[in-house]
Amino acid sequence: MPQDSTFSFENPEYRATYWHTCSHVLAQAVKRLFPDVKLAIGPSIDEGFYYDMDSPFPFTPEILEQIEAEMRKICKEKLKLERFELPRDQATAFMEERGEPYKVELIHDLPEDATISFYKQGEFTDLCAGPHLDSTGRIKGNALKLTACNAAYWRGDSSRQTLQRIYGIAFPKKDELDAYLQRIEEAKKRDHRRLGKELGLFMLRDEGPGFPFFLPKGMTLKNTLLDYWRAVHKKYGYVEISTPIMLNRQLWERSGHWDHYKQNMYTTVIDDVDFAIKPMNCPGGMLVYASEPHSYRDLPLRVGEIGLVHRHELSGALHGLFRVRCFNQDDAHVFMTRDQMQDVIQETVRLFDEVYSVFGLSYSIELSTMPDDHIGTVEEWEQNQNILKNAITAMGKDFVINEGDGAFYGPKLDFHLSDSLGRTWQCGTIQLDSQLPERFELEYTGEDGEKHRPVMIHRVVLGSIERFIGVITEHFAGAFPAWLAPVQVKILPVTDRAALYANTTANQLDQHGFRVEVDARNEKIGKKIREATLEKIPYMLVVGDRDIENNTVSVRRRSGEDLGPMTLDSFLAMLQEEVTQKTIR
RNA sequence: GCUAGCGUGGCUCAAUGGCAGAGCACAUCACUCGUAAUGAUGGGGUUGUGGGUUCGAUUCCCACCGCUAGCUCCA
């Protein structure tokens, strides 16, 4: 591939090609150093590349350095990459001869009419569809780094061979690699597990793996978030309920969870009857709907629930607040007639837009379609998928299709928010469901006086309150906007003489509903400022003799901005405005 | 669950087959100070848990628990 201006590293296709060729260089280096290692697959990914290999020994950091050095050599050798094709039987023989069983399996599984192509660079040849750079000399050896080595299952199947995956990253310039590594370091600093500990938000203990404890400051954050959630939902016409955490087996059989979700459910026996702790809120919600008759005039009926659910996740999947075994879903079920579906979905997306914009979070939408393990007919699924598609298309929103990833009861729209590490987290979801109303025989009386079956959506905006708190902790690097900050104002008396004035000021702020603390320790003002800044408290009020005399407070932001002395009333007005507007600064 | 690595005061981290240490935090005392760390003194640890090897284990070995990275799965 020629390296002219159309093939800049900014171009995603060129970048993928560059990284893909890097993965071949990686494989070549490993084969030179360790001929016994068997090669599996080695693609480019969003950030860099990897190669899966079957090795009789683990790749230690020292070995990775050796491999990296060999890769640099290969780049310097400027080996030409040459493509050639072979018919299936010759291709198989070629890889069998080289002792590459994984490649043989890949060839075997290629479609009948597939072109089987290879890329050769020096003594090394790999099965590959391409494309590739024209020479290993195109790769900048000193801007290349192997970043990790981890386990991966052959073909992503946990019942098959565990392979070792070597990850790498590469750029055309050394400073771009340095900037990338710098960015990873920065991201580590805002890891919500670290900040959660430093800021006293939550903790995890060996006694309850995956079951987070919320500490006073984290609880304030969570409650403030929920206050906002309730206000928004009230505006959009929702009512709120709460359903039990544990319900009997019969209910879960009726909902389908006992058959489709049991491996993730915590169960127990009470008075010889099987019970399950709810992994989802829907069945309880169905019982509430079914508890009284409904008219078409009530629809759409929007019923919200902050529901605590428990799911038995694999121990290796647990990750701070991002992946836990018990969490609160900001759930809601909207019951409606079939012809209200499009409107309700659009209204829900508008609600999502409103909420996400408050946090300054961007998202992308994924449409997940019928999985293998599903209930309901194919026609119904297609019809429902089209309703979702049409609703968002009409709003001018883009989406990608995630084939076969729907819930077992219906297709869904997933909203993926981006975090500071560039990872995306599924938070919001809108799931269409005509199955549960059927199973629970939900009804409403139509205009015609006849009984009809409603349809419903399950939807969450924040997804899991816990995960969302993790996401925004990283997003804001712990410096929450004033409306959310667990402590909004810290009052810092300069000397003991200002202690009384500090307390009076604190009381006034408290009476106006602000969250305030006083740092009355016998420490220098510099130290108090330093610590309040590290605690990421939005506003510091320094009060000393001068302020007492002039009846002022000296205002400083956590950013270091010194707003100077002002009356408490001016400060109150400023803070009130910032909190009401939910300003991000 | 799988593969690899890790587990030392509240936190961040040293050290060693032979008396377990530092900084921060905490407590006490002095200092009363105006925008990112005042000083001194002191208390605090069965080195994740249980076994084993050894004269002696925090260090070596085994099992279990938990954590980290990734795979798988997912809000």
Side-chain angles (χ1 to χ4, degrees), chain A residues 50 52 55 57-61 147-167 191 193-194 197-198 200 203-210 261 263-264 279-281 307 309 311-331 368 405 407 412 414-417 425-429 431 458-468 470-471 492-499 522-535 540-547 554-558 560-565:
Chain A
Y50 68 77
D52 282 349
S55 162
F57 55 88
F59 293 113
T60 61
T147 49
C149 177
N150 278 300
Y153 299 114
W154 168 229
R155 312 201 107 176
D157 183 342
S158 59
S159 65
R160 304 200 64 180
Q161 181 79 23
T162 297
L163 304 173
Q164 294 194 61
R165 176 172 298 179
I166 299 177
Y167 285 91
D191 186 311
R193 292 168 296 187
R194 175 193 182 125
K197 190 178 273 184
E198 284 173 8
M203 65 174 191
L204 284 157
R205 301 261 321 176
D206 288 1
E207 289 85 343
Y261 206 72
Q263 72 284 359
N264 277 332
M280 296 177 194
N281 302 299
V309 298
R311 298 180 184 177
H312 181 75
E313 302 294 347
L314 293 178
S315 58
L318 302 178
H319 179 102
L321 292 181
F322 282 162
R323 196 75 192 283
V324 291
R325 284 177 171 159
C326 88
F327 57 99
N328 284 280
Q329 285 184 309
D330 62 315
D331 216 343
S368 294
D405 203 40
K412 57 179 184 168
D414 287 328
F415 292 70
H416 294 264
L417 305 182
W425 287 96
Q426 184 185 328
C427 289
T429 175
Q431 308 185 350
H458 310 251
R459 41 110 293 177
V460 292
V461 200
L462 308 180
S464 143
I465 307 300
E466 286 73 7
R467 172 182 291 180
F468 192 76
V471 170
L492 313 177
V494 179
T495 67
D496 290 349
R497 289 191 301 280
N522 182 10
E523 292 290 352
K524 289 194 168 169
I525 192 65
K527 179 161 185 169
K528 294 185 185 185
I529 286 169
R530 175 182 157 80
E531 292 188 1
T533 306
L534 292 174
E535 287 172 64
M540 285 159 255
L541 302 186
V542 176
V543 293
D545 295 337
R546 290 207 300 266
D547 297 286
S554 297
V555 183
R556 183 187 164 108
R557 289 205 172 107
R558 64 188 161 202
E561 197 181 348
D562 188 348
L563 303 182

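Just so it is clear: chains get the letters A, B, ... in the order the sequence lines come, proteins before strands, and each one is counted from 1.
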C1' spacing across the pair B:rU59 / B:rU54, given as an integer number of angstrom:
13 Å
Look at A:Q426 and B:rA75 and indicate whether a side-chain polar atom (N or O) is within less than 4.0 Å of OP1 or OP2.
yes
Rounded to the Å, how far apart are A:D206 CG and B:rG7 P?
14 Å
Rounded interatomic separation in angstrom, taking CG from A:D405 and P from B:rC73
9 Å
For A:N328 and A:E466, test the side chains for any donor-to-acceptor distance below 3.5 angstrom and give the result as yes or no.
yes
Expressed as a whole number of angstroms, how long is the span from A:R311:CZ to B:rA75:C1'?
6 Å
Pairing partner of B:rG66, by Watson-Crick or G-U wobble and under 3.5 Å for both distances, is B:rC6
Which part of the nucleic acid, if any, lies within reach of A:C149 when heavy atoms closer than 4.0 Å are counted: base, sugar-phosphate only, or nothing?
nothing
Searching all strands shown, indicate the nucleotide that pairs with B:rA22 (Watson-Crick or G-U wobble; both distances under 3.5 Å).
B:rU12
Going 5' to 3' through nucleotides 32-42 of chain B, assign each nucleotide B (protein heavy atom under 4.0 Å from a base atom), S (under 4.0 Å only from sugar-phosphate atoms) or - (no protein heavy atom that close).
BBBBBBB----
Give one of base, sugar-phosphate or nothing for A:N150, where a contact means two heavy atoms less than 4.0 Å apart.
base
Can you find a side chain N or O atom of A:R325 that sits less than 4.0 Å from OP1 or OP2 on B:rC73?
no
Sugar-phosphate, base or nothing in reach of A:Y167, heavy atoms under 4.0 Å
sugar-phosphate
Ranking A:K197 and A:L321 by the position along RNA chain B of their nearest nucleotide, the one closer to 5' is A:K197
Under 4.0 Å, heavy atoms only, any strand: does A:A152 hit a base, just the sugar-phosphate, or nothing?
sugar-phosphate
Closer than 3.5 angstrom, by distance alone: can the side chain of A:Q164 be matched with the main-chain N or O of A:F59 as a donor-acceptor pair?
yes
In Å, rounded to the nearest 0.5 Å, how long is the span from CD of A:E535 to CD of A:E198?
11.0 Å
B:rC67 phosphate, OP1 or OP2, under 4.0 Å from A:H319 side-chain N/O:
no
Report the base-pairing partner of B:rG17 (Watson-Crick or G-U wobble, both distances below 3.5 angstrom), or none.
none
A:M203 atom CE is separated from B:rC11 atom P, nearest whole Å, by 11 Å
Contact summary for A:E313 and A:V324, nearest pair of heavy atoms
CG-O, 3.6 Å
Between the side chains of A:R193 and A:D191, is the shortest nitrogen-to-carboxylate-oxygen separation below 4.0 Å, so that they form an ion pair?
yes
At under 4.0 Å between heavy atoms, what does A:E313 touch on the DNA or RNA strands: base, sugar-phosphate, or nothing?
base
Nucleotide B:rC74, atom C1' - distance to CD of A:Q431 in whole Å:
12 Å
Side-chain N or O of A:R193 less than 4.0 angstrom from OP1 or OP2 on B:rC67?
no
Expressed as a whole number of angstroms, how long is the span from A:L314:CG to B:rA69:P?
16 Å
Please measure how far the C1' atom in B:rU58 lies from the corresponding atom in B:rC2, and state the result in whole Å.
30 Å
Residue pair A:R467 / A:R323, side-chain heavy-atom distance below 4.5 Å
yes
B:rG34: pairing nucleotide in any strand, Watson-Crick or G-U under 3.5 angstrom
none
Please state the P separation for the pair B:rC19 and B:rU47 - nearest whole angstrom.
14 Å
Under 4.0 angstrom, heavy atoms only, what part of the nucleic acid is A:R323 near: base, sugar-phosphate, or nothing?
base
Please report the distance separating the C1' of B:rU8 from the corresponding atom of B:rG48, rounded so that it comes out in whole Å.
10 Å
Of the options A:W425, A:F327, A:F468, which is the one that meets A:F322 in a ring-ring contact (aromatic ring centres under 6.0 Å, His included)?
A:W425
Rounded to the nearest angstrom, tell me the gap between atom CG in A:N264 and atom P in B:rA75.
10 Å
For atom C1', what is the distance between B:rG21 and B:rA36, given to the nearest Å?
29 Å
Roughly how far apart, to the nearest Å, are B:rU49 and B:rA37 at atom C1'?
39 Å
Working note: A:R205 + A:E207, criterion salt bridge (charged side-chain N to carboxylate O under 4.0 Å, His left out); need CA distance, chi angles, decisive distance, verdict.
CA-CA 5 Å; A:R205 301 261 321 176; A:E207 289 85 343; 2.8 Å; yes
d(CD, A:E207; P, B:rG48) in whole Å
15 Å
Whole-Å P distance, B:rG17 and B:rC29
44 Å
Got a donor-acceptor contact below 3.5 angstrom from the A:D331 side chain to the A:G307 backbone?
no
Contact class for A:A148 (heavy atom, under 4.0 Å): base, sugar-phosphate, or nothing?
nothing
When you compare B:rG50 with B:rA69, how far apart are their P atoms, in angstrom units rounded to a whole number?
28 Å
Any Lys/Arg nitrogen of A:D52 or A:R165 sitting under 4.0 Å from an Asp/Glu carboxylate oxygen of the other?
yes
When both hydrogen-bonding distances must be under 3.5 Å and the geometry is Watson-Crick or G-U wobble, what is B:rC29 paired with, if anything?
B:rG39
